[in-house]
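On a predicted model such as this, the values are computed, not experimentally measured, just so you know.
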Amino acid sequence: AVNLALLMAMVWMGASYLKRYNSDAEAVLYAAGFFFLSTTFAYAFWLHPELFNMASVMASLYLAFRWWESDAEPPGGTWSRRIAAAAPVLSGAVLAPAVYNKPVLAAFGLVPLFLLARRRRGRELAGWLLGAVVAMALLAGLSTALTGHPSAYLGVQRSGVPVETIDEMPVEPQEVRAD
């Protein structure tokens with residue numbers, strides 16, 4: 001259910017962005033077609049974090065591009081000035097969970113940073129970085145508090161569990177004690 005909700009949120013973000021350039025029906029058709037005809041739809045039925053990562057990246061880029069074009073927003077548009085003012089910070093913050101999960105996804109952060117640097121928007125660039133750093137610090141702090149490690153991937157020895165036969169458990173169950 002969560003994966004399908006994330007998928008529908010991505011369709012909504014795509015349609016909302018495309019409505020700026022197309023009719024409502026065309027925007028929804030293209031956004032839904034993109035997500036439902038690509039492999040993204042298959043990920044909705046797997047218990048993997050990939051759809052969460054996709055939604056995180058999509059939300060970050062959606063906020064960045066909507067903010068980038070907010071100057072051209074007609075009066076009375078759906079993009080309020082308060083959201084537009086917070087969009088760079090939110091864009092950095094919503095990308096952080098995907099980057100925390102897969103550090104290579106940080107490359108998607110280069111797009112908003114490039115857009116902000118190109119227009120010489122130092123305050124918004126600092127806001128984007130602040131949102132990303134604070135969100136990442138919160139995630140690492142929560143992980144450290146819960147597991148003792150700031151990341152499940154970086155600096156942690158990981159290994160698989162050998163399965164020799166399908167009839168036996170690979171690891172003997174440990175007895176749980178309530179000390």
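Classified by interplanar angle (parallel below 30°, tilted 30° to 60°, perpendicular above 60°), the ring pair Phe36/Phe41 is perpendicular.
Side-chain atoms of Asn22 come within 3.5 Å of backbone atoms of Leu18 as a donor-acceptor pair (strictly under, hydrogens ignored). Side-chain N or O atoms of Asn3 include one that pairs as donor or acceptor with a backbone N or O of Trp46 at under 3.5 Å. A donor-acceptor pair under 3.5 Å is formed between the side chain of Ser143 and the backbone N or O of His149. Using a distance-only test at 3.5 Å, with no hydrogens or angles considered, a donor-acceptor pair links the side chain of Ser38 to the main chain of Phe34. At distances below 3.5 Å, at least one donor-acceptor pair connects side-chain atoms of Ser91 with backbone N or O atoms of Ser60.
The minimum heavy-atom distance between Trp128 and Gly92, with the atom names listed, is NE1-N, 3.3 Å. Across Ala27 and Ala15, no two heavy atoms sit closer than the pair CB-O, 3.5 Å. In plain terms, the two heavy atoms of Leu125 and Leu113 that are nearest each other are CD1-O, 3.6 Å. What you find for Ser16 and Tyr62 is that their closest heavy atoms are OG-OH, 2.8 Å.
Put simply, the side chain of Met58 reaches to within 4.5 Å of the side chain of Phe35, judged on heavy atoms.
For Lys19, there are no salt bridge (Lys or Arg N to Asp or Glu O under 4.0 Å) partners two or more places apart in sequence or in a different chain.
Leu130 and Leu95 end up in different hydrophobic clusters when Ile, Leu, Val, Met, Phe, Trp and Tyr side chains are linked at under 4.5 Å. When the side chains of ILVMFWY residues are joined at heavy-atom separations under 4.5 Å, either directly or via intervening members, Phe52 and Met136 end up in a single hydrophobic cluster. In the hydrophobic clustering of ILVMFWY residues, with side-chain heavy atoms under 4.5 Å counting as a link, Leu4 and Met10 come out together. Leu63 and Val89 are assigned to two separate hydrophobic clusters, defined by single-linkage of ILVMFWY side chains at heavy-atom distances under 4.5 Å. Cluster annotation: Leu7 is connected to Val2 through the hydrophobic network of ILVMFWY side chains, with a link wherever side-chain heavy atoms come within less than 4.5 Å.
Separation of atoms CG (Leu129) and CG (Leu116) is listed at 8.5 Å; rounding is to 0.5 Å. The distance from atom OG1 of Thr40 to atom CD of Glu50, rounded to the nearest 0.5 Å, is 11.0 Å. To the nearest 0.5 Å, atoms CG (Leu6) and CG (Leu51) are separated by 5.5 Å.
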query = Would Met8 and Met13 satisfy side-chain contact (heavy atoms from CB on, under 4.5 Å), going step by step from the backbone distance to the final call?
reply = CA-CA 9 Å; Met8 293 312 298; Met13 284 185 278; over 6 Å; no
message = Evaluate Leu61 against Val57 for side-chain contact (heavy atoms from CB on, under 4.5 Å), listing each step before the verdict.
response = CA-CA 6 Å; Leu61 295 177; Val57 169; 4.0 Å; yes
